[in-house]
> 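Dumping the structure here so I can ask a few things about it.
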Amino acid sequence: MEVGMDTGSVVGRFHLPPGHTLSSLAQRLGRAGYLAGQHAIARHECLFVETQDGRLAKGSCRLSVRVTRRAPVWHLAGPDGESEAPFRGEAAFRSLAPDVPGIPSTARGLAGTRLLFPLVRLRVFAQETLLEGPSAAKFSLRAERILAAPPWESLPRGPWPHRLLTVRLREGNPDAFLHLAIYLRDRLGLPAAGGDACAVALQGLGLPEPGAPVPSHLQVRRDEAFAAAARKVVGQQTAKMRANIRGALEDLDPEFLHDLRVATRRLRSALRLLSDVLGLKRCDSLRVELGWIGQILGTVRDLDVFSINLRAQAQRLAEASAIAGLLVAELGRQRGPARDALVAALASRRFASLMRRLEALAGSSPPRSRGGRSGVPVAAAAPALIRKAQKRVLRLGRTIGPDSPAADLHRLRILFKRLRYACEFFREAFVDPVSGADPLADYIRAMVSFQDCLGEHQDAVMAMARVQELANEVVRRGTLAPERLLDLGALIQVQREIARDRRGRLARLWSRFDRRSVRGRLADLGVVSPPLPGAGGTPEAIPPEGKGGTAG
Amino acid sequence: MRIVFLSDIHANFPALCRALEWAQRHRADRVVCAGDIVGHGPHPTEVVRLLVEQQVATILGNVDRKVLALLENPKKLRKRLEKKAHAPAAWAALALGDAERAWIGTLPTELRFTADGIDILVVHGSPLSDTDSIFPSITAQALAAKLGRARPGLLVCGHSHIPFTRRIAGMRVINCGSVGRPVDGDARGALVLCEFLGRGQLTCRIRRFAYPVEPLLADLRSRGATGVVAEEYRTGIATKDE
């Protein structure tokens, strides 16, 4: 039923067109045998908060600081109903730790260690009434007029741009709810709303939902033409980039920067993989620009990751904690100029132009000529593409042993990333719509384990060189006492042990990935290679290699 | 005086809503439905409630009659769902509420009334039976055989889902087509607007109206209505004989 029903509780949400009020609705519904009670009126302002990855929304919860005539309160709306707790502290906050007193324990549990950020500010004027249906079922009807603004702006004056009707079944058969929902949709012509007041406000302001979930219009379908799907893939990743720019600019949480970098990387990979249906020249030029911003993002992110790793390792190595602290401070000093460069880049016209070009590509119409694989359905074209990437991973991976050079492992990691991204770009097209079974889930899981292990190995290798550089720097400055040099050696030894340990794990993880049953997942996609030029792993079919690869 | 005749809604609520809106917009004084209000579509209860709410004069169609017949033996309803021929009616019988079932049980099989001095006979299939069809190609002799002794000025029928208006042997014959399940290659719903101009003068026009198909298909899927080919709603072409 497409009336915006929540799972768990029976709730329907509709946009309320201008001219419709709760009274006029009650009157129309009265003709169909529904009896409405007295109206209650409420008015409040609220500031919704969320984690960077939208953990509260994923747990079907909305947390807000609500200001009514009384004192401000924490308001939590979740699957178990609504609750309030007193709010203590400053109303204007940049971010909050979830363990702040007053935050309901459900929200705290969902947020975990993540910080909470202001998401959107609303002023709501609500009217509510109870409704009894012809079959004695009881509903609550809530009509809301909503004014919205981004959290960093004050609420505008003027007309209420958003109007929302929420219908909740209070008592009775869910069928009775469906009858009412269908009546509202078809008879009264109320369009279904995509979510609650917070979601409607975000949509109206053009702000992304927390965690930047893929919007439904960008979801890749099994039967659509490959050229159209390729544009959707670009659109998905561009939207992810857009969603994380502000957080990265303001340094709200390192995860904003991480997600922005990952989206950049995925976009580069997508443009390489799908250049034949997106336009070779356009893709090449966009990849150069993405490489530019990716490098700037990578510099700051690498410092962040190294700093986080050093702190964690210092806890393991008690005697080296002082030297680790010294190195972390040095990294902090290096991060300043790197972040300045990042802020300048993200605020530059060059970056704005890149975003515009990416959005233009995502919104462009697929070519009319159906040559190559442009017109081939995703179900036929994607498996061939994935198999090709898999072949390259297998070719190199089977030659890797415990003594393989670090450069080979790094190369394998890059190939793994390409394969993983190819799988993830088209993953949803192969999910069974009825059972929800995901045939690529196990395959991707095996890949992620191996890739993570390779990543940790690479981080350790890089860290060894980095610790050496930092040591030289602090010795040169004279901020390191000679007796501390041994601690530095201990720290390098830790990296060496990590690298050795990860190498040791590789064979076991590879055997989990390179297994007939796991490889068979691709064959089970049930698609025969389409008759494409170069399909089947011939050298001409392999997309041209870029200099930097997709990693980085 | 203006009367809108419609037929064969087949539990398609969005289509009925648009049909009634159309009638209101064109200032119809009365709306008359020539049967087959349920069966096939996902909204039997909603359709019945709306017909009651809007006081639409309605007669029984063959599918409505089948639903009533199936309800006489409710224990076998689930089994009937598995049989292709009975599935749509059995599903509708299960989906209907008690009040709606009772209302269908009160419907007449034909309707006779006079408008501006013209005798009108409304039947579902033909005056012979609700499963007999009147097609556009019918001859005067065939019509006379179907009419028996009745000689109305206007004969209104449905059932075939193919709309037409004809004057045969001094009599006006109209088939309303189908509101909710057209099969004549036009996926839009059909109805007939009759304008009574006085002194026995009458104009009848077939009108088509579009309605949103996708919400209907979504409801078909989510409610699990059986025995229905979704593609028919998009194309307006039947994939099997009625």
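What you see is a predicted model, and the numbers here were worked out from it, not measured in a lab. Chain identifiers are assigned alphabetically (A, B, ...) following the order of the sequence lines, protein sequences preceding nucleic acid strands; residue numbering begins at 1 within each chain.
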> Less than 4.5 Å to any heavy atom of chain A: does that hold for the side chain of B/Leu50, its backbone, both, or neither?
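For B/Leu50, side-chain heavy atoms alone lie under 4.5 Å from chain A.
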
> Checking side-chain contact (heavy atoms from CB on, under 4.5 Å) against A/Arg187, which of B/Glu46, B/Arg18, B/Gln54 comes through?
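Of the listed residues B/Glu46, B/Arg18, B/Gln54, the side-chain contact (heavy atoms from CB on, under 4.5 Å) partner of A/Arg187 is B/Gln54.
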
> If you count heavy-atom pairs within less than 4.5 Å of chain B, which of A/Gly189, A/Pro134, A/Ser135 leads?
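Ranked by heavy-atom pairs under 4.5 Å with chain B, first place is A/Pro134.
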
> Heavy atoms, side chains only, cut-off 4.5 Å: are A/Tyr183 and B/Glu53 in contact?
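Answer yes - side chains close enough.
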
> Take a 6.0 Å sphere around CD of B/Gln24 and say whether it holds more than 12 heavy atoms from other residues, nucleotides or ligands.
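Counting neighbours around CD of B/Gln24, 12 or fewer heavy atoms of other residues, nucleotides or ligands fall under 6.0 Å, so no.
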
> Does B/Glu21 CD have over 12 foreign heavy atoms under 6.0 Å away?
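Yes, the 6.0 Å shell around CD holds more than 12 heavy atoms from other groups.
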
> Test salt bridge (charged side-chain N to carboxylate O under 4.0 Å, His left out) on B/Asp219 and A/Arg185; report intermediate values, then the result.
CA-CA 12 Å; B/Asp219 290 353; A/Arg185 185 192 68 190; 2.6 Å; yes

> Working to the nearest 0.5 angstrom, can you tell me the gap between B/Ser222 OG and A/Leu178 CG?
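Reported value, rounded in 0.5 Å steps: 7.0 Å.
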
> Supply the atom-to-atom distance B/Thr45 OG1 to A/Asp175 CG, rounded to the nearest 0.5 angstrom.
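Reported to 0.5 Å precision, the distance equals 7.5 Å.
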
